[in-house]
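Some notes on the structure that comes next.
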Amino acid sequence: MKSTYIIGPSLKSKIAGGVVTHVKFLSTLKVFDGANFIKIDSLGSNPIKSLINIFIDALKLIKINKSIVIINASIYKGSIAKLCIQIFLLAKKNNKIIIFFHGGSFKRVKNSNGAIVKAVLPFFAFIDKLFFLSEIQKKEFLELRANAICERYRNYSMCSDVVPYYIGESGFHRLLFVGRITKEKGVFEVLDSFVELTKGEKNKFQLDFVGEGDAIDSLKSIIRSLSINNVVFHGYLAGEDLQNMYSSADMVILPSYAEAFPYVFVESMRSGVPMLATAVGALPDLIVNDYNGYIIENSDPILIFNAMSRHFEKCDADKISIRNNCHKFFKEELSKNSAETFYKKILSEL
């Protein structure tokens, strides 16, 4: 049986990024018991020092031969350059190489620096299979290299069990945003639509923001100017505190301008909470209107308001049905058990 190597950030990394989370998750799967995890540094604020550290880390790859190698990468200029070094050191040594791409866009990299994309394309001739989080990422790559073997994959939960949802007092609803509180996440549109939703009914709704970000002060300024008292900022939460926020929410809102496959969606489904999200990244393939959430074309506050109103106008039985659908979707598509099956299949096909 071939040895398996998984390349990515350090398992000890405290960064809360998607690649780090994914690599840590892989380390918990039974299918990867005995796999070798190799740390490759990311580009930091000092490019020259970072490249030296990356090259030193990458030298560990020279000895890998006749093995299965799983590379985790993002689709940004610096990450693509780092990927080239890794492929160069692994190629032509009878290795089976697969790449899992996380955030980013080949189209954006090409538009900002076409030369680096042109330079990297020949390296992909040595790759057996590539995996993308969204159909958009996959299509962008196939436009550059049409004969590549590309598939989709998902982010999964560290758990296989669902979390019971909490139904609060009748007539009171909590809306939840979890993530970086920045303009690009659509947080100002969330607030605008929430203000419209609660006109004359402020005592029936609460909007909870969980996370940190550079838009908080501006949002608080708007809230003060409108004399709003039903918006709460909780800061960064984790563990049981974060889970309690999900469990007590009636809807999770994520009207981002861009996403890949947000872990917020995974936790939302596990908690039995429908998600309202923009049609970006993998989300249009994951959310079915009136089944496990609501997909809107963009972050226009009117569209957000209409979707929120549509949900809260439903009878209690219909809203409970949607919650149960979320749990069903999680068990079938996002649980740790589903991940074990998915990765076992990948390895068996190499």
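All heavy atoms count here, side chains included; hydrogens, waters and symmetry mates do not.
Residues L254 and V178 share a closest heavy-atom pair of CD1-O, 4.3 Å. Counting all heavy atoms, side chain and backbone alike, P274 lies closest to G293 at CB-CA, 4.0 Å. Nearest heavy-atom pair across S299 and I304 is O-CD1, 3.6 Å. The heavy-atom pair separating G281 from I136 by the smallest distance is N-CD1, 4.3 Å. F209 and L207 get closest at one heavy-atom pair: CE1-CD2, 3.5 Å. Closest heavy-atom contact between I64 and I38: CD1-CD1, 3.7 Å.
We find the NZ-SG distance between K138 and C150 to be 7.0 Å, quoted to the nearest 0.5 Å. Rounding to the nearest 0.5 angstrom, the gap separating the CG atom in L175 from the CD1 atom in I253 is 4.0 Å. From M251, atom CE reaches atom CE of M308 across 7.5 Å, with rounding to the nearest 0.5 Å.
Salt bridge E212/R180: absent, no basic N to carboxylate O contact under 4.0 Å. Between E313 and R310 there is no salt bridge, since none of the side-chain N atoms of the basic residue sits less than 4.0 Å from a carboxylate O of the acidic one. Residues K107 and E143 are not paired through a salt bridge, judged by the lack of any N-O separation under 4.0 Å between the basic side chain and the carboxylate. Electrostatic pairing of K82 and D57 does not count as a salt bridge here, judged by no charged N lying under 4.0 Å from a carboxylate O. In summary, K331 and D161 do not engage in a salt bridge, as defined by a charged side-chain N under 4.0 Å from a carboxylate O. Salt bridge status for D316 with K319: present, with a side-chain N to carboxylate O gap under 4.0 Å.
E297 CD: 12 or fewer foreign heavy atoms inside a 6.0 Å radius. Atom NZ of K328 has 12 or fewer heavy atoms from other residues, nucleotides or ligands within 6.0 Å. Atom CD1 of I302 sits in a sparse spot, with 12 or fewer heavy atoms from other residues, nucleotides or ligands closer than 6.0 Å. More than 12 heavy atoms of other residues, nucleotides or ligands lie within 6.0 Å of NZ in K24, so this atom counts as buried by the packing criterion. In K204, the NZ atom is not crowded: 12 or fewer heavy atoms of neighbouring residues, nucleotides or ligands sit closer than 6.0 Å.
Counting only N and O atoms by type, the side chains of S271 and Q243 include a donor and acceptor under 3.5 Å apart. At a cut-off of 3.5 Å, with distance as the only test, a side-chain donor of S256 or E259 sits close to an acceptor on the other residue. At a cut-off of 3.5 Å, with distance as the only test, a side-chain donor of Y263 or N155 sits close to an acceptor on the other residue. A side-chain N or O of N324 and one of Y165 form a donor-acceptor pair less than 3.5 Å apart. Side-chain polar atoms of Q137 and S105 form no donor-acceptor pair below 3.5 angstrom.
None of F342, F100, F132, F25 except one satisfies the ring-ring contact (aromatic ring centres under 6.0 Å, His included) rule with Y153; the exception is F100.
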For this session: Run the numbers on V273 and C326 for side chain to side chain contact (heavy atoms under 4.5 Å, CB included), then give the verdict.
Result: CA-CA 7 Å; V273 184; C326 294; 5.9 Å; no

For this session: Determine, stepwise, if the pair I98 / L130 fulfils side chain to side chain contact (heavy atoms under 4.5 Å, CB included).
Result: CA-CA 6 Å; I98 59 178; L130 303 103; over 6 Å; no

For this session: Before giving the answer on ring-ring contact (aromatic ring centres under 6.0 Å, His included), spell out for Y5 and F37 the whole-Å C-alpha distance, their side-chain angles and the decisive distance to 0.1 Å.
Result: CA-CA 6 Å; Y5 292 83; F37 286 79; over 10 Å; no

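The shortest distance between side-chain heavy atoms of E267 and V264 does not fall below 4.5 Å. A heavy-atom distance below 4.5 Å is not found between the side chains of I99 and F131. Two residues are said to be in side-chain contact when any heavy atoms from C-beta on lie closer than 4.5 Å; S74 and F101 fail this criterion. Looking at R154 and V266, their side chains never come closer than 4.5 Å, going by heavy atoms from C-beta outward. Between I87 and L90 the shortest side-chain heavy-atom distance does not fall below 4.5 Å. With contacts defined as side-chain heavy-atom distances shorter than 4.5 Å, the pair L286/F329 qualifies. The side-chain heavy atoms of Y246 and V252, taken from C-beta on, include a pair separated by under 4.5 Å. Inter-residue side-chain proximity for I322 and Y294 is flagged as met; some heavy-atom pair is nearer than 4.5 Å.
Take V31 and apply the side-chain contact (heavy atoms from CB on, under 4.5 Å) test, not counting sequence neighbours, and it matches L29, E340, Y343, K344, L347.
Using a distance-only test at 3.5 Å, with no hydrogens or angles considered, no donor-acceptor pair links the side chain of S13 to the main chain of P9. A distance-only check finds a donor-acceptor pair linking the side chain of R323 to the backbone of G272 [under 3.5 Å]. The backbone N or O of V280 sits nowhere less than 3.5 Å from a side-chain atom of T278 that would complete a donor-acceptor pair. A donor-acceptor contact shorter than 3.5 Å links the side chain of R152 to the backbone of L133. For N298 (side chain) and D300 (main-chain N/O), a donor-acceptor pair under 3.5 Å exists by modelled atom type. Proximity of a side-chain donor or acceptor of N325 to a complementary backbone N or O of N292 within less than 3.5 Å is not detected. A donor-acceptor pair under 3.5 Å links the side-chain atoms of S348 to the main chain of K345, judged by distance alone. When atom types are taken as modelled, the side chain of K92 and the backbone of F88 share no donor-acceptor pair closer than 3.5 angstrom. Within the 3.5 Å criterion, the main-chain N or O of S67 finds no donor-acceptor partner in the side chain of S3. The backbone N or O of L237 sits nowhere less than 3.5 Å from a side-chain atom of D241 that would complete a donor-acceptor pair.
The aromatic rings of H173 and F312 are tilted relative to each other, their planes meeting at an angle between 30° and 60°.
A side-chain hydrogen bond (donor to acceptor under 3.5 Å, both in side chains) check over residues 213-235, counting only residues at least two apart or in different chains, returns the pairs D208-H234. Sorted by first then second residue, the side-chain hydrogen bond (donor to acceptor under 3.5 Å, both in side chains) pairs that include residues 110-124, not counting sequence neighbours, number zero.
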